[in-house]
Amino acid sequence: MASLRSLLLALGLSLPVTSSPGVVLFLADDLGYGDLGCFGHPSSRTPNLDRLAASGRRFSDFYSASSLCSPSRAALLTGRYPTRSGIFPGVFYPGSRGGLPLNETTIAELLKQQGYVTAMVGKWHLGYGLNGSYLPIHQGFDEFLGVPYSHDQGPCQNLTCFPPDTKCYGKCDQGVVLLPLVKNDKVVQQPISFTKLTPAYDRFARDFILRATKQGKPFFLYYASHHTHYPQFASAGFARQSKRGPLGDALMEFDGSVGQIMKALHDAGVENNTLIFITSDNGPELMRRSRGGNAGLLKCGKGTTYEGGMREPAIAYWPGQITPGVTHELASTLDILPTIASLTGAKLPQVKIDGYDMSDILFNNGKGRRNTMFYYPFAPSKKLGVFAVRYGQYKAHYFTQGKAT
């Protein structure tokens, strides 16, 4: 850190932190490029996200490394394309044997080495394993509260949860176990009470932040929401509140969670020393129509290597450190790990990292180091390889998947 400080001073730049900052990483689920008010949707009610976008840095050209849940989450946490970590084809299921390899280094594991306390809440979807061997507590997280896989992978896949009129459980006729809520490595609820799930997540996250700051420890919170993945649900305070119907209600609840965490940071007195980053795992599931999200002006959605499948809304916020504005620099979820490593002085793992430090984009309104983005299909093969490549302002498609999922 001393050498970095000297270099920045020599260049006339300032080091963005004077002490170890808190880090909060929000990941929405199947959120489209055009779903947020701050990205142009006319009827989405997302006041907390809109405020952070107005007061922080909004990315116009930000990409996930995959168009499906499991591989995109692996890339986010490791800074490596999922083709390197082996998280393909497709996603993990309740009966899957594997998971994110334990020899992969996650953001949480990097920060543990720097004295951080770490917690994850929400959707994991990177494997369960024998006796929970692939759960977050074995991947660098001190605490975990959430669902090991996607909430649509239970027997009640067609549920809707909008009190007081619609009960959560209708026909539960699919041959898998009821969805479990797991705390660390123990099942604490089965089946899940969906209308009470997000408030439980928010309390868990708030308690973690307040406890860490009271102990004087830097913290990393990874909040992976289930919203706005189909089938949508919402707690009583958000049901039937949006003009967009069930998806809009779910999006409002996600926005509410952001507001709850911002309040926790304010109450703990650490809002000005916390980096908040918000993005999505992949694009919207357009085949669900109004229940599937909105890719804005981008082509196609989830499951494709068109822009709507992998180009995501992204917001970075840090009062006093990040100047408000919009950046058109090319960036990716792959870049979050090396950026956090740079900010905290953590050493990168001794493997190939596909991400780049975004500090110049965030703190100096500067140029990014990324000029290419590779688009792999969710089931890559040696025969076909990469489906598309973006270089600067140009994109070449070698193969396409035309189904607008």
Side-chain angles (χ1 to χ4, degrees), residues 27-31 62-107 123-130 133-136 138-139 147-153 176 222 224 229 279-287 300-312 332-337 349 351-355 372-390 395-405:
L27 188 69
D29 197 356
D30 289 7
L31 187 69
F62 192 87
Y63 289 86
S64 173
S66 177
S67 63
L68 282 187
C69 299
S70 295
S72 66
R73 291 159 195 270
L76 169 74
L77 289 177
T78 65
R80 287 155 53 83
Y81 280 108
T83 46
R84 297 192 191 278
S85 58
I87 308 304
F88 65 89
V91 301
F92 290 108
Y93 290 87
S96 296
R97 294 184 179 183
L100 181 66
L102 298 179
N103 61 354
E104 291 287 336
T105 302
T106 67
I107 296 172
K123 175 180 174 178
W124 174 235
H125 215 182
L126 286 172
Y128 190 90
L130 182 65
S133 57
Y134 289 113
L135 287 173
H138 302 296
Q139 308 274 11
V147 181
Y149 30 85
S150 185
H151 76 274
D152 68 332
Q153 292 177 325
V176 291
Y222 172 41
H229 195 297
T279 189
S280 178
D281 62 342
N282 48 251
E285 194 175 15
L286 296 181
M287 69 177 185
C300 290
K302 179 178 181 177
T304 77
T305 51
Y306 288 112
E307 291 297 281
M310 295 173 61
R311 191 164 166 181
E312 305 304 326
S332 168
T333 52
L334 294 163
D335 303 330
I336 293 175
L337 180 144
V351 294
K352 173 62 178 176
I353 298 294
D354 296 303
T372 57
M373 192 69 204
F374 295 97
Y375 301 69
Y376 288 96
F378 59 79
S381 69
K382 289 183 178 180
K383 180 179 179 180
L384 298 181
V386 68
F387 267 38
V389 177
R390 176 172 170 177
K395 183 178 181 181
H397 288 274
Y398 303 107
F399 302 95
T400 60
Q401 290 175 302
K403 186 178 180 181
T405 58

Between Thr83 and Pro380, which heavy-atom pair has the shortest distance, and what is it?
CG2-CG, 3.8 Å
Ring geometry between Tyr306 and His397 (parallel below 30°, tilted from 30 to 60°, perpendicular above 60°):
tilted
Side chain to side chain, Val351 and Thr78, heavy atoms closer than 4.5 Å
no
Straight-line distance of His125 NE2 to Leu27 CG, nearest 0.5 Å
12.5 Å
Between Val147 and Lys123, is any pair of side-chain heavy atoms under 4.5 Å apart?
no
Do Gln139 and Leu77 have side chains that approach each other closer than 4.5 Å (heavy atoms only, starting at C-beta)?
no
Any side-chain heavy atom of Thr305 within less than 4.5 Å of one from Tyr376?
no
Just how far is it from atom OG1 of Thr279 to atom CG of Leu76, taken to the nearest 0.5 Å?
8.5 Å
Counting distance only, does the side-chain N/O of Ser64 pair as donor-acceptor with the main-chain N or O of Ser66 below 3.5 Å?
yes
How far does CG of Leu334 sit from CZ of Arg80, to the nearest 0.5 angstrom?
10.5 Å
Flag the pair Leu100 / Tyr134 as yes when at least one side-chain heavy-atom distance between them is below 4.5 Å, and no otherwise.
no
pair Pro136-Trp124: side-chain heavy atoms closer than 4.5 Å
yes
In Å, rounded to the nearest 0.5 Å, how long is the span from OG of Ser280 to CD of Glu312?
4.5 Å
OG (Ser72) and CZ (Phe378) are apart, to the nearest 0.5 Å, by 13.0 Å
Would you please indicate yes or no on a ring centroid separation below 6.0 angstrom for Tyr63 and Tyr375?
yes
Hey, does Tyr222 have a side-chain heavy atom less than 4.5 Å from the side chain of Ile107?
no
Apply the side-chain contact (heavy atoms from CB on, under 4.5 Å) test between Asp30 and each candidate in Pro284, Cys69, Ser150; give the one that qualifies.
Cys69
If you compare all heavy atoms of Ala65 against all heavy atoms of Tyr81, which two are closest, and at what distance to 0.1 Å?
CB-CD2, 4.2 Å
Kindly indicate, with the supporting measurements, whether the criterion side-chain contact (heavy atoms from CB on, under 4.5 Å) is fulfilled by His229 and His151.
CA-CA 8 Å; His229 195 297; His151 76 274; 3.7 Å; yes
Which pair of non-hydrogen atoms, one from Ala74 and one from Ile87, has the smallest distance, and what is that distance?
CB-CG1, 3.6 Å
Measuring from atom CG of Leu68 to atom CE of Met310, what distance do you get when rounded to the nearest 0.5 angstrom?
10.0 Å
Are side-chain heavy atoms of Val91 and Gln153 found at a separation under 4.5 Å?
yes
Looking at every heavy atom in both Ser332 and Met373, which two are closest together, and how far apart are they?
OG-CE, 3.5 Å
Classify the ring geometry of Phe387 against Phe399: parallel below 30°, tilted from 30° to 60°, perpendicular beyond 60°.
tilted
